[in-house]
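All of these numbers come straight from a predicted model, not from anything done at the bench. Hydrogens, waters and symmetry mates are skipped; everything else that's a heavy atom, side chains included, is used. Here is the naming used below: chain letters follow the sequence lines, and residue numbers restart at 1 for every chain.
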Amino acid sequence: MNLLSGIDFRWELDGLVILAGTLAAVANGLLGNFLVLRRMSLLGDAISHAILPGLALAFLLTSSRSSLWMLVGAVVVGVVTAMLTEWIRSVGNVDEGASMGVVFTTLFALGLVMIVQAADQVDLDPGCVLYGAIELIPLDCWNLFGLQIPRVVLILGGVAVLDGLFILLFYKELKLSSFDPALCTTLGFSSRLMHYLLMTLVSVTAIASFESVGSILVVAMLVVPPSAAYLLTDRLAAMIVMTAIFGFLSAVLGHFSAILIPPWFGFHSTSTAGMMAVMAGMLFALTLLFGPRHGVVMNYLRRQQLAGRIVREDLIGFLYRMEERNDLSPSTPQFLAERLLEKRWRVALILRRLSACGMVVRRGDGFGLTDRGRDAARQLVRSHRLWEYYLLQQAGLREERIHDSAERLEHYTGAGLNQRLSDQTDSPRLDPHGSPIPGLEGKPQGSDSREAKEFPAEESEPLRKGV
Amino acid sequence: MIWPLHCFIGAIILLSMILGDWGFAVAADSITDRRLQWPRGDQWVRLLRLEDYNTRVVVCGATLLGLAAGIVGSFTLLRRRALMGDALSHATLPGIGLAFMILTAAGYKGKSLGWLLLGGTLTGVMGVLTILLIRSTTRLKEDAAMGIVLSVFFGGGVALLGVIQQMPAGHAAGLEGFIYGKTASMVAADAWWIGVAGLGSALLAVLFFKELKLICFDEGYAHARGFPVPLLDLLLMALVTLVTMIGLQAVGLILMIALLVIPAAAARFWTERMTTMTVLSGFLGACSCLLGAGLSAIFSRLPSGAMIVLVAALVFLISMLLGRARGVLVRRWRRVALNRKVDRQHLLRGCYEYLETMKFLDAKERGVAARVVPLDSLLSMRSWTLGRLRRCVRRAIDEGLVERDWSAGVRLTNEGLVEAQRMVHEHRLWEIYLITHADIAPAKVDRDADAIEHILDAEMIAKLEAILQSRVDQSAVAASPHQVQVPGSMRPASSTGVPK
């Protein structure tokens with residue numbers, strides 16, 4: 001069975017649906033960036049429920065079902081929603097979400113009562129004003145300069161351009177008032193004015209899009225693509241651009257999955273707007289998992305990598321110390337795993353990796369350091385002992401605590417820091433436990449290091465795992 | 001070529017879906033009657049005695065639901081998750097769709113309510129877990145997490161319904177009616193369910209009150225004390241889910257959100273104590289539901305769900321204005337009271353400093369009559385308008401601190417003098433403290449001391465005096481550490497400088 005059997009791409013149908021979806025995604029996503037940053041992500045949902053009294057009022061006043069008046073009524077109530085929310089938040093000192101919840105449920109209830117009162121005159125179906133269907137876009141065209149352009153594309157395009165201009169013009173102010181309203185106000189921009197401007201524009205954009213692509217797509221596009229972009233970058237400009245890209249991708253993927261996936265189970269196509277929302281969610285999940293900077297999987301891998309490096313370093317350090325005190329016990333993986341408190345298979349894996357890069361080599365039953373490995377290990381042990389010396393002498397830690405700290409710090413100490421440590425501590429020959437501090441060139445630091453005492457007990461204990 | 005048809009079907013589904021989303025009961029007896037009719041006396045009696053079976057069930061069920069939602073809502077509000085119910089209820093849709101598809105595929109006829117609710121609960125819980133996961137693993141905030149879950153899950157539900165509509169057994173148009181139910185058509189079983197859920201959630205809230213309170217106010221501290229915060233979070237979310245699922249089915253989406261948010265937000269205005277707030281929130285929720293359902297029962301053309309929300313909103317508005325702890329009026333009044341106190345202290349201090357500079361205080365034999373301060377001197381000592389000064393003087397006259405003098409000035413009475421001495425003393429104590437202990441230049445201390453003198457309490461003054469004992473002469477009023485600028489006088493006050 002051909003999985004792509006449903007595909008029959010026709011620009012004048014599919015292309016337009018994707019175009020409209022992208023435009024809606026871009027228009028809403030642009031503003032959505034600031035909503036996410038201002039923690040008002042649910043405003044779209046609130047407005048979608050709250051505009052009911054606007055529709056009812058427009059109908060009661062004009063006694064017509066003309067969609068223009070309904071649009072005007074809806075926009076007015078949308079703005080009122082945003083303002084009331086802000087008013088209750090600031091005057092009543094109520095949490096943003098709660099004030100939103102109070103406002104939109106109340107307005108909705110009000111609208112419902114009004115509609116019931118009006119219901120006998122005409123069958124008022126707010127759905128036909130509010131919840132357009134994106135699939136029907138190609139059917140409703142306006143003739144513009146001899147071109148048949150769907151009305152919705154024009155409206156959404158206009159709104160998207162408006163939003164884009166707004167953000168371009170007020171980029172600096174929006175950025176400042178989103179991140180630091182107090183600073184914005186002290187610098188002389190009214191952050192309150194920016195807030196109300198933004199809210200007004202969100203209402204206009206959301207309502208213009210409800211009519212053409214349906215509320216679910218608007219609510220999704222206001223939140224999901226900006227959130228995904230927010231996980232990928234720390235720069236606002238990049239976030240806005242990525243939002244647009246995510247919007248486009250979810251429109252394309254959503255449209256095709258709405259056509260293609262249901263036939264696998266023997267159905268016809270399903271709701272495009274719904275699938276676009278789902279695909280936006282999928283894209284968000286992907287960034288959540290695999291985002292290079294904040295992705296869950298990436299973070300896990302990074303942690304694993306660090307843990308691996310620490311165990312590797314601990315291992316060659318241990319081998320070095322064995323050589324140092326002429327310990328001839330066979331350093332088999334079993335033995336090393338016991339001493340390093342590691343799993344045996346992990347030690348075996350690490351040994352293989354270390355021998356692959358020429359750090360250790362198999363000697364009889366066990367493993368020994370190569371020259372290269374010995375150099376690396378010497379650096380590490382040198383860092384460790386210099387740190388111990390430093391922590392005891394200069395930082396004033398108690399003697400029984402220095403080993404653990406040095407064990408941690410040695411893994412983050414490069415050659416430069418190592419040298420500075422040595423300078424700071426006047427290149428000591430012995431560490432606080434009496435072990436010689438190896439020099440850079442393989443000889444012990446200083447001349448009379450042969451007087452070095454035996455290792456104290458602590459050094460021969462199993463090394464702890466690096467943290 | 002079938003494609004436009006699909007589009008059309010999709011549109012219809014979307015419409016029916018969304019209309020379902022608006023699940024309020026329209027309790028209309030007749031379609032043609034537009035006016036609200038004032039009910040007759042016997043109808044009132046019937047309502048008050050709950051004689052109609054239907055009214056009884058609806059009123060009881062709604063009240064219980066309001067109680068439970070109010071209690072649970074007070075925790076979610078303080079946890080800044082007021083709209084959790086919103087996200088949760090939207091997230092139930094795909095579960096309902098999936099449950100229906102599986103049931104149909106398994107050969108079940110019709111729509112078994114229990115299974116559909118189970119499916120809805122499952123995806124609802126998944127949604128909540130996703131919110132918690134997004135919040136804990138990313139840097140996104142609660143609101144974004146809720147928005148994502150709400151829209152993506154709901155979008156999935158819409159897509160599923162689009163498919164269900166095409167199933168042979170898919171009489172899906174009525175499907176959402178199960179979840180977006182109608183208050184007025186509540187049956188006794190619903191009321192029982194709500195009662196059980198309400199009691200259960202109230203019981204859990206009482207049992208875990210201490211823990212829930214802790215995670216509401218100080219999550220970090222709860223962690224540090226070893227409380228299992230994620231589990232407690234989950235418990236709270238389970239309570240929300242329980243109430244929402246029961247309520248959603250009975251009264252609809254918007255009403256459920258309203259009941260979770262509004263009573264709790266209203267109760268917050270009345271108290272700063274969590275216990276009081278929770279109880280009050282439950283009480284307000286129950287009252288709103290009782291009133292709303294009652295109104296709807298007696299006026300035939302008012303939908304019950306909407307009326308409950310409107311009554312709750314009214315309660316919220318009243319609370320916001322009159323609330324005893326955080327209401328708008330109370331806070332306004334506190335500010336006015338503080339302003340008055342500050343003005344009064346400024347007036348007395350101004351009078352004293354003027355008299356001190358003019359050496360009028362030394363002339364003891366002339367008594368009260370000599371202690372006259374012209375208004376325009378007072379006016380120019382502070383940045384207050386004449387009107388504000390006059391009002392301040394009037395209040396001070398009522399308190400007997402000053403008297404009006406014939407020559408457009410005020411005269412400090414004996415009580416006023418004592419009060420003024422105390423005020424000036426406190427001001428200068430603080431100034432000296434700032435100079436000697438905080439190393440602030442003498443030229444700047446007047447302003448800094450001015451900012452704090454109004455809120456110094458007796459204990460603090462005693463402490464200051466103890467600290468500065470060696471530096472302050474033991475008279476009633478310490479000498480000013482800097483020059484006192486009094487308009488209208490050519491001579492500076494007898495400045496002693498910083499006491500050595």
Any carboxylate oxygen within less than 4.0 angstrom of a Lys/Arg side-chain nitrogen, looking at B:R139 and A:D234?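 Answer for the salt bridge query: yes.
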State whether B:D143 and A:R39 are salt-bridged, where the test is any N-O pair (Lys NZ or Arg NE/NH1/NH2 against Asp/Glu carboxylate O) under 4.0 Å.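 Looking at A:R39 together with B:D143, the answer is no, because their closest N to O distance does not fall below 4.0 Å.
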Among [options], which residue forms the greatest number of heavy-atom pairs with chain B at distances under 4.5 Å?
options                       : result
A:V296, A:V94, A:V36, A:I88   : A:I88
A:N299, A:L42, A:I261, A:V103 : A:L42
A:G92, A:A46, A:S257          : A:G92

Under 4.5 Å from any heavy atom of chain A, what part of [X] do you find: side chain, backbone, both or neither?
X      : result
B:M146 : both
B:F269 : side chain
B:R332 : neither

Options B:L133, B:T137, B:L77, B:I262, ranked by heavy-atom pairs under 4.5 Å with chain A, top entry: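 Going by pairs under 4.5 Å, I would pick B:I262.
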For the interface with chain A, which of B:M307, B:R268, B:R80 has the highest count of heavy-atom pairs at distances below 4.5 Å?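 Maximum pair count with chain A is reached by B:R80.
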Side chain to side chain contact (heavy atoms under 4.5 Å, CB included) between A:F284 and B:I148, worked out: CA-CA 9 Å; A:F284 174 79; B:I148 291 167; 3.5 Å; yes
Contact check, side chains of B:F153 and A:V278, non-hydrogen atoms, under 4.5 Å: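 They are not in contact (no side-chain heavy atoms under 4.5 Å apart), so the answer is no.
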Measuring heavy-atom distances to chain B, does [X] have an atom under 4.5 Å in its side chain, in its backbone, in both, or in neither?
X      : answer
A:D95  : side chain
A:L222 : neither
A:Y230 : both
A:V224 : both
A:V91  : both
A:M100 : side chain

So which heavy atom on A:G97 is nearest to which on B:A82, and how close?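 So the two residues come closest at C-CB, 4.2 Å.
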Working to the nearest 0.5 angstrom, can you tell me the gap between B:D86 CG and A:D45 CG?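 Result: 4.5 Å between the selected atoms.
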Partners passing side chain to side chain contact (heavy atoms under 4.5 Å, CB included) against B:T138 (at least two apart in sequence or in another chain):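 For B:T138 the side chain to side chain contact (heavy atoms under 4.5 Å, CB included) partners, ignoring immediate neighbours, are A:L231, A:L288, B:I134, B:L140.
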Hey, mind stepping through B:I254 and A:F104 against side chain to side chain contact (heavy atoms under 4.5 Å, CB included) and telling me if it holds? CA-CA 9 Å; B:I254 297 287; A:F104 87 78; 4.0 Å; yes
Flag if over 12 foreign heavy atoms under 6.0 Å of CZ, B:F217: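 Check passes, neighbour count above 12.
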